[in-house]
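Heads up, the thing below is written out as structure tokens.
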2 protein chains.
Amino acid sequence: MKRVTMADVAQKANVSKSTVSQFLNQRYEFMGVKTKQRIEKAIEELGYQPNMIARSLKQKSSTTVGVIVANISHEFSTRIIQVIEHSLHQLNYHVIVCNAEDNPEKEKKYIDMLLAKQVDGLIIFPTSTNVNVYNELNVQDFPLVFIDRFVPEVEVPTIMLDNKQALCLAVKELDRAGYERVGILTNSTIFNVAPRVERIEGFKQACRKYGLPVDETFIRGVETGKMTEELRGIFQSHEPPEALVAGNDLVLMDILKYARDHHLRIPDDLAIIAVDDVSFSSIYNPAITTIAQPIEKMGEKASEILIEKILGNKNIEKDIIRFPAALVKRSSC
Amino acid sequence: MKRVTMADVAQKANVSKSTVSQFLNQRYEFMGVKTKQRIEKAIEELGYQPNMIARSLKQKSSTTVGVIVANISHEFSTRIIQVIEHSLHQLNYHVIVCNAEDNPEKEKKYIDMLLAKQVDGLIIFPTSTNVNVYNELNVQDFPLVFIDRFVPEVEVPTIMLDNKQALCLAVKELDRAGYERVGILTNSTIFNVAPRVERIEGFKQACRKYGLPVDETFIRGVETGKMTEELRGIFQSHEPPEALVAGNDLVLMDILKYARDHHLRIPDDLAIIAVDDVSFSSIYNPAITTIAQPIEKMGEKASEILIEKILGNKNIEKDIIRFPAALVKRSSC
DNA sequence: TTGTAAGCGTTATCAC
DNA sequence: GTGATAACGCTTACAA
């Protein structure tokens with residue numbers, strides 16, 4: 001497959017490469033009408049397509065950004081990536097998505113690869129442990145935005161859910177519905193993944209606020225794969241919880257599966273409220289009450305800040321930007 | 001952010017750029033041990049990272065492939081993309097994913113952009129209408145693979161589900177369970193999207209095979225957004241269907257929602273079997289019986305063929321490769 | 001208004 | 001064993 005280059009066009013149109021370049025970059029202010037037409041014709045006839053690689057090399061910009069997601073299996077991740085892709089596409093940026101699978105080494109490898117590919121910026125769902133890598137990028141002023149999770153010692157703009165407020169909303173709803181023995185289940189908190197820790201903390205605070213008992217046996221960060229086991233433990237207790245908050249979509253699935261397999265009726269035997277308004281929550285029977293993240297806004301904001309940084313705007317808040325959650329009331333609690 | 005180049009390394013190590021290049025490309029056969037060490041040291045100290053853009057320009061290969069998906073909102077799409085990304089990553093290829101949103105113009109625009117970016121190949125869930133574009137790529141021997149849908153007049157390797165067999169499986173199961181009045185709902189067939197047409201056709205054939213009545217009023221390709229309306233029509237009929245096949249995940253959602261809102265018990269009032277083994281089918285109550293596509297195998301095969309083509313292997317079957325579906329028996333029929 | 005030439009960071013050829 | 005030097009396809013001063 002012989003690609004046609006600018007030189008071919010130039011030759012065919014009887015002009016020099018630079019004139020063709022001018023044309024392509026819409027600088028026809030001082031260009032003869034006839035030259036312009038000849039170039040147009042030549043491009044058309046040859047089916048010329050500019051080579052963005054060559055362009056990138058010269059311009060030192062690839063109009064590509066990388067997105068590294070900690071774990072793509074959360075619906076939240078895929079949806080926010082879609083939003084980011086959509087926003088950035090409108091600005092003529094392309095997106096390369098990488099899935100770190102919650103593995104810091106993989107994340108580091110991806111960062112290196114994407115840098116080698118000269119991406120103009122990076123949006124990362126960080127895995128917390130690559131602090132030095134992040135900081136290195138940061139001191140070099142490399143455009144970087146975090147999403148979903150913050151990293152303690154790194155000053156990077158971070159888009160996050162207001163987890164405290166989110167859980168306050170959840171507990172408030174549980175309280176309103178009259179539940180007393182309540183709990184929350186999230187994925188493992190051993191790596192201090194911010195949303196999980198914050199959600200648990202927010203849950204406890206809210207319980208105190210609404211005067212609900214805080215029973216630590218129902219408040220758990222559970223390792224992947226051990227959820228069923230954990231649930232069995234919880235429901236074997238003398239007084240099992242009346243209501244459970246699912247820390248994310250995957251936890252919700254585990255709870256629902258357990259409930260079904262053990263014939264727990266929702267919400268009568270067990271009320272449920274889930275963080276993340278996953279698509280199947282409105283389909284489920286009964287429909288699941290959820291706490292929704294403003295995915296669109298979060299994705300757009302992340303894109304916006306990244307582009308600002310790419311374009312060289314220095315005065316961007318390097319802080320965490322928290323987005324409020326919203327209660328989507330359905331029938332599971 | 002000042003990037004360090006090969007020249008910097010060369011200078012620091014007191015060698016020429018070419019030697020550094022040799023080093024980077026593991027050609028140390030004739031390289032002095034000391035030179036090697038000096039280069040290693042210089043790279044380390046400067047934190048040098050090769051520039052793949054420059055490399056690509058020279059090598060005429062970007063080690064990047066594009067994936068254009070017709071509609072990302074199907075779980076099937078996202079999952080197959082994950083598989084593709086995973087397979088190609090192992091071969092050190094990167095993937096740029098684009099969502100054509102079922103819009104042929106958008107698809108064409110993406111193809112152009114990806115070509116401009118010098119992707120080495122393209123995996124497309126085609127939107128059927130860009131036949132000329134596909135053919136142009138094809139005559140130029142540009143590495144191209146279709147997935148999920150075939151395009152009649154284009155000779156490109158195509159990975160597809162064996163839809164006929166899949167629906168045979170579904171109908172067989174319906175028959176086995178004793179249902180007689182059966183139907184199938186898919187998305188709109190006006191654009192002759194292969195899977196939809198084939199699934200409907202396969203359904204009819206299978207009904208004949210198993211001696212079930214073929215009632216066209218229960219066999220429908222429905223426009224997006226009109227599913228609820230259609231369902232209302234179907235269930236107002238004198239003898240509504242006892243069992244329905246959902247042509248894909250989105251259709252399944254619509255059916256489940258309708259069933260819940262109209263208090264149809266599954267499977268007693270309405271049995272359901274869905275094509276695509278979406279994650280929530282095992283969670284739902286009752287769990288949904290599905291026809292699963294071998295997503296892993298399909299994604300891997302697509303990646304494999306694409307890479308073959310990229311590497312210049314000419315004798316690849318340009319035909320449709322059909323993958324068999326599998327019944328996942330649960331409780332909805 | 002258009003052309004010339006240098007340069008972006010690599011790799012490849014061939015000379016030393 | 002190592003180093004000049006010329007590409008790769010484009011942009012951009014600056015010259016004409």
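Since we're looking at a predicted model, the values are computed, not measured.
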For residues 294-306 of chain B, which side-chain N or O atoms pair as donor and acceptor with protein atoms under 3.5 Å away, sequence neighbours left out?
from, atom 1, to, atom 2, distance (Å)
B:S303, OG, B:G299, O, 2.8

Inset, instruction - Verify, without hydrogens or angle tests, whether A:S18 (side chain) and A:S16 (backbone) share a donor-acceptor contact under 3.5 angstrom. - result: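 No; zero donor-acceptor contacts below 3.5 Å.
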Inset, instruction - Could you check whether A:N14 gets within reach of a base, just the sugar-phosphate, or nothing at all, counting any heavy atom under 4.0 Å? - result: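 The residue A:N14 makes sugar-phosphate contact but no base contact.
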Inset, instruction - Could you tell me whether B:T35 contacts a base, only the sugar-phosphate backbone, or nothing, with contacts defined as non-hydrogen atoms closer than 4.0 Å? - result: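 Touches sugar-phosphate only.
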Do the side chains of [Y] and [X] get nearer than 4.5 Å, heavy atoms only?
X	Y	value
A:N187	A:V193	no
B:N138	B:V156	yes
B:P152	B:F150	yes

Legend entry - Pair B:K108 + B:D112, salt bridge at N-O below 4.0 Å: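 Result for this pair is yes, salt bridge flagged.
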Legend entry - Range on DNA chain D touched by chain B - first to last nucleotide, heavy-atom distance under 4.0 Å: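 Both ends considered, the range comes out as D:dG1 to D:dG9.
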Inset, instruction - Might you confirm whether atom CD of A:Q11 has over 12 heavy atoms from other residues, nucleotides or ligands at distances under 6.0 Å? - result: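 Counting neighbours around CD of A:Q11, 12 or fewer heavy atoms of other residues, nucleotides or ligands fall under 6.0 Å, so no.
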Inset, instruction - Starting at atom CD1 of A:I39, determine the distance to atom C1' of C:dT1, rounded to an integer number of angstrom. - result: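 Distance, rounded to whole Å: 11 Å.
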Inset, instruction - Check whether any side-chain N or O of A:S16 sits under 4.0 Å from OP1 or OP2 of C:dG3, and answer yes or no. - result: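 Yes, because at least one side-chain N or O of A:S16 sits under 4.0 Å from OP1 or OP2 of C:dG3.
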Legend entry - Angle by which the axis turns from one end of the helix from C:dT1-D:dA16 to C:dC16-D:dG1 to the other, five pairs per end, to 10 degrees: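 Inter-axis angle at the ends, rounded: 40°.
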Inset, instruction - Output every pair passing ring-ring contact (aromatic ring centres under 6.0 Å, His included) with a member in residues 83-140 of chain B, not counting sequence neighbours, ordered by first then second residue. - result: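 Found A:H89-B:Y110, A:Y110-B:H89, B:Y134-B:F146.
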Legend entry - Set of residues satisfying ring-ring contact (aromatic ring centres under 6.0 Å, His included) with respect to B:F76, sequence neighbours excluded: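 Result, ring-ring contact (aromatic ring centres under 6.0 Å, His included) vs B:F76: none returned.
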Inset, instruction - Grab the two heavy atoms, one from B:Y48 and one from B:T5, that are nearest each other, plus how far apart they are. - result: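 The pair with the smallest heavy-atom distance is CE1-C, 3.5 Å.
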Inset, instruction - Scan nucleotides 7-16 of chain C nucleotide by nucleotide, 5' to 3', and note B when protein non-hydrogen atoms come under 4.0 Å of the base, S if they reach only the sugar-phosphate, - if neither. - result: BBBBBB----
